[in-house]
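The block underneath contains the structure these notes are about, expressed in structure tokens.
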Amino acid sequence: MNKMAQKLAPSGVARDFGFFIDGEWRHGREMFERKSPSHDVIVTRIARCTEDDLNDAVAAARRAFENGTWAGLASSERSAILLKTAELLKQRRDDIAFWEVLENGKPISQAKAEIDNCISCFEMAAGAARLLHGDSFNNLGESLFGMVLREPVGVVGLITPWNFPFMILCERVPFILASGCTVVVKPAEVTSATTLMLADILTEAGLPKGVYNVVTGTGKSVGQALTQHPDVDMLSFTGSTGVGRSCIHASADSNLKKLGLELGGKNPIVVFADSDLEDAADAVAFGISFNTGQCCVSSSRLIVEESVADKFEKLVVAKMEKIRVGDPFDPETQIGAITTDAQNKTILDYIEKGKAEGARVLCGGNKVDLGRGQYIAPTLFTNVKPDMSIATDEIFGPVLSVFRFSTLEEAISLANDTVYGLAASVWTKDISKALKVTRKVQAGRFWVNTIMAGGPEMPLGGFKQSGWGREAGMYGVEEYTQIKSVHVDLGKRTHWIA
Ligand code: NDP
């Protein structure tokens, strides 16, 4: 471990967190102890909230919504608080990154870059708050005038996962707040710290009490109760497709709350023979290894043109073998720990299934022993058949499967051969091929000769079983609003009853 990593390593003293309702911290009666997945020591103690706590949080969010202390502000005032939050995040960047790394296991350099993106989300949302507007219809005839008012949806429930605890939060919360809604957040239990830390920052920035509330605990208890709550107007959920489906049932069985869902992916990266193969190989290795592949937009299916496939596989292997797996506090580390024990087992099980089903490992395929923590080497499988589990399932780890194509149509068909439609990437120097693939492949996010590029201006979300709705950008903020058509009679009524 280098000196910087030693300096940042966990102190051995776990930090206790309460939960946050109506502008105040509360203590939990039962606590969950979170171990750092990289260091095997307890780093945080997180409250296990009860259903009563959740009811209090929703009631606080309801009061804050109805009393107009937030939705009733001028957009310039809401915007100012979002901008102040961005300023405070700049000051606390290193502290937030530290806790993110301890609970999640991601490399410190990556955690800091993610927080920069979070700052950008608050800045973008500050602008979006001021741009939100309705519409008018002056073409309904002499005596009728139409207006379309855009109003906040109300109380939003937000359930976030453990892979990007702070970034996924910040791709949603600023936009929810920009719209005038209030929110109750339930983070993944294993990575709750930074969601709780945001409460103090928002308060310091001037957010009125009750607008941002956090309840902690497991998905099965407090998360499920949030999805079923009759006084939550909208739910934004990010996580597995299975739980996404249960959110739909919960909405149907309660109050038909509006849903935003960002779910799984099995994302294709299509590489044509005419692309810059060195660049493409780097992107392929990055696309599957970034965040240890625990990323909904990981490009986990490489679809490469047959004529260059052997050569390209070698280029990718050379890149993947150079990736630095290590202690996440080492600034040189590119791949950190696998975040949860369950996910570690899932990934290792898929690697074994891939071998058993006849796919061939070209690199990786094993754990990396660093003396403590749980690490997996970036893994490349070739000879993968479309019906193998490593070809169809979202593994959510650094495991890449290779497929080969001979024609453009075959490439498109392979890319679409999945129930998911979250993201896709295409590599070629021929613009017409790039656009044909972009138009025919079903995915909510597309990258041409790049991978995972973007910022909060661009909407996020999926086609097919990857979800409903969009987050971020103007499209994202509009999801948290509803529109009302207003008809104004300007003349004298023509009587129906003479
Ligand atoms: P889950 O979908 O279970 O977890 C995501 C969030 O939902 C967490 O906050 C979790 O809480 C909560 N949750 C769990 N069960 C319920 C429920 N019944 N009702 C309401 N909320 C619930 O994902 P896992 O952590 O189990 O990961 C499993 C797989 O899901 C991964 O292997 C990956 O394939 C996929 N996934 C996809 C993500 C994405 O970004 N699209 C993110 C995470 C996972 P808690 O964790 O506290 O129990």
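First listed ligand is number 1; within each ligand, the first listed atom is number 1.
Close N/O approach between Glu394 and ligand 1 is found [any backbone or side-chain N/O within under 3.5 Å].
Of the candidates Tyr420, Phe164, Phe396, Trp162, Trp162 brings a heavy atom nearest to atom 27 (O) of ligand 1. Taking all heavy atoms of Arg48, Gln224, Gln343 into account, the minimum distance to atom 18 (N) of ligand 1 is reached by Gln224. The closest heavy-atom contact to atom 1 (P) of ligand 1, among the options Ser246, Ser240, Gly265, comes from Ser240. Ranked by closest heavy atom to atom 13 (N) of ligand 1, the top entry among Gly219, Ser466, Ala225 is Gly219.
Between the Lys266 side chain and the Asp393 main chain, a donor and an acceptor come within less than 3.5 Å of each other. In this structure a side-chain-to-backbone donor-acceptor pair under 3.5 Å is present from Asn213 to Gly210.
Not a single heavy atom of Gly467 sits less than 4.0 Å from an atom of ligand 1. At a 4.0 Å cut-off, at least one heavy atom of Asn163 sits close enough to ligand 1 to count as contact.
Ligand-side atoms of ligand 1 in range of Gly217: 47 (O), range being under 4.0 angstrom from any heavy atom. Of all atoms in ligand 1, listed by their number and element, those nearer than 4.0 Å to a heavy atom of Gly223 are 19 (N), 20 (C), 21 (N). Each of the atoms 6 (C), 7 (O), 9 (O), 12 (C), 20 (C), 21 (N) of ligand 1 lies under 4.0 Å from some heavy atom of Ile159. Within ligand 1, the atoms closer than 4.0 Å to a non-hydrogen atom of Glu262 are 41 (N), numbered from 1 in the order shown.
Taking a 6.0 Å sphere around NZ of Lys367, one finds it holds 12 or fewer heavy atoms contributed by other residues, nucleotides or ligands. By the 6.0 Å contact criterion, CG on Asp369 is open, its count of non-hydrogen atoms from other residues, nucleotides or ligands being 12 or less.
Nearest protein neighbour of atom 11 (O) of ligand 1, counting heavy atoms only, is Lys186 NZ, 2.9 Å. Scanning all protein heavy atoms for the shortest distance to atom 8 (C) of ligand 1 gives Thr160 O, 3.5 Å. The shortest contact between atom 42 (C) of ligand 1 and any protein heavy atom is with Pro161 CB, 3.3 Å. The single protein non-hydrogen atom nearest to atom 5 (C) of ligand 1 is Thr238 O, 3.8 Å, given as residue, atom name and distance. Scanning the protein for heavy atoms near atom 7 (O) of ligand 1, the closest one is Phe237 CE1, 3.2 Å. The protein non-hydrogen atom at the shortest distance from atom 39 (C) of ligand 1 is Cys296 CB, 3.5 Å. In terms of protein heavy atoms, atom 3 (O) of ligand 1 is closest to Val243 CG2, 3.7 Å. Atom 41 (N) of ligand 1 has Leu263 O, 2.9 Å as its closest protein atom, hydrogens excluded (heavy atom only).
For Thr218, the side-chain hydrogen bond (donor to acceptor under 3.5 Å, both in side chains) criterion is met by Ser221, not counting sequence neighbours.
Exactly one residue among Glu33, Glu103, Glu189 makes a salt bridge (Lys or Arg N to Asp or Glu O under 4.0 Å) with Arg45. That residue is Glu33. Residue Thr382 is tested with Glu313, Arg360, Arg404 for a side chain to side chain donor-acceptor pair (under 3.5 Å); the sole match is Glu313.
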Could you walk me through whether Phe329 and His39 pass ring pair (Phe, Tyr, Trp, His ring centres under 6.0 Å), step by step? CA-CA 10 Å; Phe329 282 121; His39 309 98; 5.6 Å; yes
Donor-acceptor contacts, no H, no angles, side chain residues 440-457, under 3.5 Å, sequence neighbours left out:
residue: Trp447; atom: NE1; partner: Ala453; partner atom: O; Å: 2.8
residue: Asn449; atom: OD1; partner: Thr428; partner atom: N; Å: 3.0
residue: Asn449; atom: ND2; partner: Thr428; partner atom: O; Å: 2.9

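A salt bridge is defined here as a Lys NZ or Arg NE, NH1 or NH2 lying under 4.0 Å from an Asp or Glu carboxylate O, and Glu24 with Lys209 fails to meet this definition. Look at Asp282 and Lys319 and you find a salt bridge, because one of the NZ, NE, NH1 or NH2 atoms lies within 4.0 Å of a carboxylate O, short of that distance.
Under the 3.5 Å distance criterion, with hydrogens and angles disregarded, a donor-acceptor pair is assigned to the side chains of Arg172 and Thr238.
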